[in-house]
Asks: 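This is the structure, below, for whatever I ask next.
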There are 2 protein chains.
Amino acid sequence: MRISTLGYALLTLLAREPLSGYDLAQRMKRPLGFFWQAQHSQIYPELADLEEQGCILHQVVMQEDRPPKKLYTITGAGRTILQAWVTQPPAPPPQRNELLLKTYAIWLADQALAVDLFRTQEQLHAERLALYEQIQANIERTSGGRPRSHEPRFGDYATVRMGVAYEREYVAWCRWMVEQLQQALES
Amino acid sequence: MRISTLGYALLTLLAREPLSGYDLAQRMKRPLGFFWQAQHSQIYPELADLEEQGCILHQVVMQEDRPPKKLYTITGAGRTILQAWVTQPPAPPPQRNELLLKTYAIWLADQALAVDLFRTQEQLHAERLALYEQIQANIERTSGGRPRSHEPRFGDYATVRMGVAYEREYVAWCRWMVEQLQQALES
DNA sequence: GATGACATGTAATCAGTTACATGATTAG
DNA sequence: CTAATCATGTAACTGATTACATGTCATC
């Protein structure tokens with residue numbers, strides 16, 4: 001009877017437009033995948049669940065050039081439930097960061113290998129940052145400045161803004177780590 | 001035969017000092033809990049596993065004023081395995097942030113309730129930030145400036161530094177969210 | 001005698017990933 | 001005919017949380 005966070009994630013997407021399970025799986029890679037992922041194996045059963053609870057409905061749509069699909073639509077009840085959930089404070093998320101775990105033990109490591117590790121991480125996060133900045137610029141361009149908070153696009157903009165801030169700090173921290181580790185190599 | 005991330009987390013702690021399962025559970029709350037948590041129900045079986053694989057050893061220690069405990073010590077083999085793991089690039093972690101999910105759907109919400117949500121989040125992260133800054137100051141004070149990368153304390157310092165940067169950005173983003181939402185209320 | 005910190009375990013459940021399984025349709 | 005995309009499902013496994021379970025010792 002309870003809706004899982006994944007359930008709300010699917011409702012969040014369906015509140016914007018009707019989609020098939022396959023479509024939802026695509027969107028759970030991107031853009032939602034930046035902060036909430038799910039495989040299709042988790043999505044299909046969840047859709048059955050949501051439908052049983054009356055949050056969504058589906059109709060089979062025949063297509064000419066592709067196999068038929070089930071198109072899911074959010075119901076009024078689903079929208080109401082989603083709306084109530086949106087402003088409920090989320091439970092503090094369990095933080096799990098393996099790189100920080102490794103950082104905690106970095107004193108044990110070969111310092112040259114440690115430098116490599118953080119250089120690689122810096123690059124990965126710099127790439128992520130570039131991607132987010134591009135998405136952000138894209139939104140600003142296509143919606144004529146910043147979207148307002150009552151439009152769906154505001155969600156895209158606000159989340160990517162967080163992504164940019166996060167990745168910027170991550171890159172800066174990796175650089176600082178490299179500096180610290182190199183000081184040890186020099187002496 | 002494979003060691004889980006939790007296993008490495010425990011080795012990371014045992015590389016600093018011998019500890020009991022109970023002690024480890026405490027440290028998995030803090031300081032490690034800031035980036036990797038585990039309950040005692042997960043720790044005890046994992047310790048048995050690590051011992052079976054020869055990474056750790058235990059001896060029962062009788063105490064006068066407390067019940068007896070199993071004191072675990074890292075072995076040479078354990079230390080070698082840990083050392084190799086530390087500089088291996090971690091798999092990209094699955095990002096899951098329920099607040100960003102809600103943010104993505106915030107256009108559906110009552111704007112006044114949305115403001116409350118982000119004000120509350122701002123406060124939570126401001127508290128976290130204050131805690132991290134205090135820990136950071138504490139390390140700087142007790143180790144006479146910044147620890148160097150070959151000392152265990154460097155791990156404490158480097159991780160808390162990331163925590164400070166992260167929470168600062170989080171607070172700033174929450175404030176920005178409140179601003180955006182309030183603009184909608186005013187008009 | 002009750003509460004709380006110390007101490008160690010197991011069992012049940014849940015969320016999520018990986019693997020298994022099938023089939024339509026299009027483009028090369 | 002083969003590979004890629006579209007499309008939908010189930011099964012097995014893993015990591016983690018919550019609940020169950022027991023017992024010591026000190027303090028109030």
Side-chain angles (χ1 to χ4, degrees), chain A residues 1-10 13 18-30 32-33 35-52 56 58-72 90-98 101, chain B residues 1-10 13 18-30 32-33 35-52 56 58-72 90-98 101:
Chain A
M1 276 290 112
R2 201 189 119 266
I3 296 170
S4 68
T5 308
L6 171 61
Y8 287 112
L10 298 177
L13 288 167
L19 294 164
S20 69
Y22 187 84
D23 295 332
L24 285 162
Q26 300 302 112
R27 290 191 178 46
M28 288 306 290
K29 281 184 197 135
R30 194 189 157 143
L32 238 67
F35 44 89
W36 205 277
Q37 322 75 44
Q39 309 304 316
H40 74 270
S41 61
Q42 210 185 346
I43 293 167
Y44 288 113
E46 189 64 39
L47 284 171
D49 243 55
L50 287 172
E51 190 158 35
E52 209 186 335
I56 56 175
H58 85 268
Q59 50 181 328
V60 177
V61 175
M62 301 309 287
Q63 299 177 107
E64 276 178 18
D65 49 347
R66 287 176 205 179
K69 63 178 178 182
K70 294 187 186 174
L71 198 66
Y72 287 90
Q95 295 292 340
R96 285 213 165 77
N97 186 326
E98 197 176 332
L101 198 52
Chain B
M1 275 290 113
R2 201 190 118 266
I3 296 170
S4 68
T5 309
L6 171 61
Y8 287 112
L10 298 177
L13 288 167
L19 295 164
S20 68
Y22 187 85
D23 296 332
L24 285 162
Q26 300 302 112
R27 291 189 178 47
M28 289 305 291
K29 281 184 199 137
R30 193 189 158 143
L32 238 68
F35 43 90
W36 204 275
Q37 322 76 41
Q39 309 303 316
H40 74 271
S41 61
Q42 211 184 347
I43 292 169
Y44 288 112
E46 189 63 39
L47 284 170
D49 242 55
L50 287 171
E51 189 158 35
E52 211 187 333
I56 57 174
H58 85 268
Q59 50 182 327
V60 177
V61 175
M62 302 308 286
Q63 300 176 108
E64 275 178 18
D65 49 348
R66 287 175 205 180
K69 64 177 175 181
K70 294 187 185 176
L71 197 66
Y72 286 91
Q95 295 292 340
R96 284 213 167 77
N97 187 325
E98 196 175 333
L101 198 52

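What you see is a predicted model, and the numbers here were worked out from it, not measured in a lab. Within every chain, numbering begins at 1; the chains are lettered A, B, ... in the order of the sequence lines, protein sequences first and strands thereafter.
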Asks: Produce the list of close N/O pairs, under 3.5 Å, pairing protein atoms with atoms of nucleotides 18-21 of chain C; give distances to one decimal.
Replies:
{"unit_1": "C:dT18", "atom_1": "O4", "unit_2": "A:S41", "atom_2": "OG", "d": "2.5"}

Asks: Verify, without hydrogens or angle tests, whether A:E51 (side chain) and A:H58 (backbone) share a donor-acceptor contact under 3.5 angstrom.
Replies: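 Checking the backbone N and O of A:H58 against the side chain of A:E51, a donor-acceptor pair under 3.5 Å is found.
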Asks: List in numerical order all residues of residues 61-69 of chain A for which some heavy atom is under 4.0 Å away from an atom belonging to DNA chain C.
Replies: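 Residues of residues 61-69 of chain A that come under 4.0 Å of DNA chain C are, in numerical order, A:E64, A:D65, A:R66, A:P67.
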Asks: From the list C:dA5, C:dT10, D:dT17, which nucleotide is the closest neighbour of the side chain of B:P45?
Replies: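 Side chain of B:P45 sits closest to C:dT10.
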Asks: Examine distances only and state if a side-chain atom of A:E46 and a backbone atom of A:L6 form a donor-acceptor pair shorter than 3.5 Å.
Replies: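 A pair under 3.5 Å: no.
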Asks: What closest approach, in Å, do A:I43 and A:A38 show between heavy atoms, and which atom pair accounts for it?
Replies: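 Looking at all heavy atoms of both residues, the shortest contact is CD1-O, 3.9 Å.
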Asks: Using whole Å, report how far CG of A:L47 lies from P of D:dA7.
Replies: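 For the pair A:L47 CG and D:dA7 P, the rounded distance is 14 Å.
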Asks: Using only side-chain N and O atoms of A:R96, determine if any of them is under 4.0 Å from OP1 or OP2 of D:dA16.
Replies: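 For D:dA16, OP1/OP2 do have a side-chain N/O of A:R96 under 4.0 Å.
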Asks: Considering only heavy atoms from C-beta outward, does the side chain of B:I56 approach that of B:L10 to under 4.5 Å?
Replies: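 Side chain of B:I56 against side chain of B:L10, heavy atoms only: no contact under 4.5 Å found.
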Asks: Mind checking what makes ring-ring contact (aromatic ring centres under 6.0 Å, His included) contact with A:Y8, not counting sequence neighbours?
Replies: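 For A:Y8 the ring-ring contact (aromatic ring centres under 6.0 Å, His included) partners, ignoring immediate neighbours, are A:W85.
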Asks: Roughly how many Å is it from OH in B:Y8 to C1' in D:dG15, rounded to a whole number?
Replies: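 From B:Y8 OH to D:dG15 C1': 16 Å.
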Asks: Which heavy-atom pair separates B:E98 from A:W36 by the least distance, and what is that distance?
Replies: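 Scanning both residues completely, I find the closest heavy atoms to be N-CZ3, 3.9 Å.
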Asks: Quick one: A:Y44 OH to C:dA15 P, roughly how many Å, whole number?
Replies: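 Atom OH in A:Y44 sits about 21 Å away from atom P in C:dA15.
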Asks: State whether the side chain of B:Q37 and the backbone N or O of A:Q95 hold a donor-acceptor pair below 3.5 Å, judged by distance alone.
Replies: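 Flag set: sc B:Q37 to bb A:Q95 pair under 3.5 Å.
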Asks: Map B:P94 and B:S20 onto DNA chain C by nearest heavy atom, then report which one ends up closer to the 5' terminus.
Replies: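 Nearer the 5' end of the strand: B:S20.
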